[in-house]
Amino acid sequence: MMGRQLYWSNLMSDKLIIFDTTLRDGEQSPGASMTRDEKVRIAKALERLKVDIIEAGFPAASPGDFESVQAVARTVKNSIVCGLARAKDDDIDRAGEALKDAQHSRIHTFIATSPLHMLHKLKMTEDQVVENAVRAVKRARQFTDNVEFSPEDAGRSEEDFLCRVLEAVIKAGARTLNIPDTVGYAMPEQFGRLIARLRERIPNSDQAIFSVHCHNDLGLAVANSLSAVVNGARQVECTINGLGERAGNAALEEIVMAVKTRKDFFPCHTDIDTREIVPCSKLVSSITGFPVQPNKAIVGINAFAHESGIHQDGVIKHRETYEIMRAEEVGWSANRMVLGKHSGRNAFRARMAELGAEFVSEGELNSVFLKFKQLADKKHEIFDEDLQSLLNEADAESSEDEFVKLVALDFSSGMGERPQARVTIKAGQQEHQADFSASGGVVDASLRAIESLLNTEAKLTLYSVNNITSGTDAQGEVTVRLEKDGCIVNGLGADTDIVIASAKAYINAVNKLQAGNKRMHPQVNAVEV
Ligand code: KIV
Ligand code: ZN
């Protein structure tokens, strides 16, 4: 089964397939690791966005990754769910197993083809690389008809060798050939030409869809991907907010809106529901703790804001003088008040369901509803973003990995006074309390009080506060990034009081550290901790 469309029946179709890798390459951004439940929530948002393929992870990386891919595969119905596997039997078998229950599945297998990678990383000859690639594709075909192959570091591979490998994997059964610019080295014209030449030179190229996967090290990921599209690529691999390894991948929202806005230029269209772009961007940002820069195209808070008087005047007279897209078209209007203090359980449940939340029991619904009422007492207007933050918190609390809970936090501060914090936490059945006084402020005092009880000795590498919505009564969302023994985690906490939000975020990060899901990186041979 192919999912939304039998799209490779017509290679020159005008459909551009959107392959989202936020949950896989996006998760390779240092600190962006997500729990299984967080991944499922993002996958549901990607399904609402109508992405064609969701790369849910690298099942061989760790038991946690395997479970996440399996959970996404069991949840998503309309998009194809994909698992990454190195060209190794065990990896492919793990991917096949994780995807077993998917309605529509794909295995994406890869091996490096550049002289540098073959010599220094794989220590393999060209013949061995071809042999492994073919074997991997054939093995993957035993699990699914839908197999994608990537020659890693294609951007620095020799064209003749690329042709040889790609021809062989098509014969072995690969139906999508993904050309990655793994290190973000390519230039748009050159990369577009490479796609055109591969399509021209590989004798059986008409049996496969050409895809591209560009990294943003030189800020060219979107430009390179679009140049490839002009030259016949019909799948783009991308991520929400351009998240991804190092400088990230091509941003989904930019690719989609470029193709849509310039339909006069691109001979293709996507099936993306663009009104879901901003809600999805906000969800990914809140779960990963990676804020979106204000001037980011499409999803930055300033992307549609006109500051200069001349521009404002022009837009009022005729919108198109300075605007090429409508803010509503990409979902900016979604920031509307949905519920208030007097909303009932049914309205709450219905809106939460629209946001992708499913409550496993009435008890779970009741506990989140109670938190909603408490929040509505503190702030009158409850937006979707507030509901998302309640879901983040509920996810953290229902997780089997919640080893430590925040029970109480009292603090005091004033001009000329030394800030004080008293914190009570629960670990197992035991409650513990500590007082701390710190010159750095009440946030500092609170986090130090927690640390004095837990002694994690983790390094705090990021502390950031963002307002979830606007207004002085808005909830502050705090991200705390902790690093210990090579493991990097992000903790999140939201509250109308940022001191409480900070304590929640710190404890959330500590719980994630404690869960210690050590993962292997797909692109190295050794195990990364
Ligand atoms: O950047 C890359 O080469 C990758 C591959 C696994 C496709 O992420
Ligand atoms: Zn990549």
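When a ligand or atom number is given, it counts from 1 through the structure's own listing order. Just so we're clear, the structure is a prediction, and the values are computed from it rather than from any experiment.
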Margin query: Could you check whether any side-chain N or O of Thr35 sits under 3.5 Å from a backbone N or O of Glu38, counting only pairs where one atom can act as donor and the other as acceptor?
Written below: yes
Next item on the list: Measure the distances from the heavy atoms of Gln523 to every atom of ligand 1 and state whether one is below 4.0 angstrom.
Entry: yes
Next item on the list: Could you tell me which non-hydrogen atom of Ala297 sits nearest to which non-hydrogen atom of Ala303, and how far apart they are?
Entry: C-CB, 4.4 Å
Next item on the list: Check ligand 1 against Glu152 and write out every atom of the ligand that is under 4.0 Å from a heavy-atom position of the residue.
Entry: 3 (O)
Note to self: Tell me whether Ser150 contacts the main-chain N or O of Glu152 through its side chain, where contact means a donor paired with an acceptor under 3.5 Å.
What the structure shows: no
Next item on the list: Dump the intermediate steps for side chain to side chain donor-acceptor pair (under 3.5 Å) on Arg86 and Gln523, then the final yes or no.
Entry: CA-CA 8 Å; Arg86 293 170 300 180; Gln523 284 152 297; over 6 Å; no
Next item on the list: Return each pair, listed once, that meets side-chain hydrogen bond (donor to acceptor under 3.5 Å, both in side chains) where at least one residue sits in residues 210-221; pairs must be two or more places apart or across chains.
Entry: Asp25-His213, Asp25-His215, Asn178-Ser211, Ser211-Gln235, His213-His215, His213-Glu237, His213-Asn249, Asp217-Arg246
Margin query: Can you confirm, on distance only, whether ligand 1 has an N/O atom lying under 3.5 Å from any N/O atom belonging to Thr182?
Written below: yes
Check: How long is the span from the OG1 atom in Thr75 to the CD atom in Gln70, to the nearest 0.5 Å?
Finding: 10.0 Å
Notebook entry, point to check: Touching ligand 1 at all, His108? Heavy atoms, strictly under 4.0 Å?
Noted result: yes
Next item on the list: Run the numbers for me: atoms of ligand 1, each under 4.0 Å from some heavy atom of Asp25, listed by number.
Entry: 8 (O)
Check: Is there a donor-acceptor pair closer than 3.5 Å between any side-chain N or O of Thr261 and the backbone N or O of Ala258?
Finding: no
Checklist line | Polar atom proximity, His213 to ligand 1 (N or O, under 3.5 Å) | finding: yes
Item checked: Test item: Glu27 side-chain N/O and Met34 main-chain N/O as donor-acceptor pair under 3.5 Å -> yes
Next item on the list: With the Zn ion (ligand 2) as the centre, enumerate protein N/O/S atoms below 2.8 Å in chain and residue order.
Entry: Asp25 OD2, His213 NE2, His215 NE2
Check: If you round to the nearest 0.5 Å, how far is CG of Asp153 from CZ of Phe110?
Finding: 11.5 Å
Margin query: With the threshold set at under 4.0 angstrom, would you say Arg24 reaches ligand 1 through any of its heavy atoms?
Written below: yes
Margin query: What I want to know is whether His215 and ligand 1 share at least one N or O pair that is separated by under 3.5 angstrom.
Written below: yes
Next item on the list: Determine whether the side chain, the backbone, both or neither of Thr21 has a heavy atom under 4.0 Å from any heavy atom of ligand 1.
Entry: neither
Notebook entry, point to check: Which of these, Glu253, Lys50, Lys260, Glu328, sits in a side chain to side chain donor-acceptor pair (under 3.5 Å) with Thr274?
Noted result: Lys260
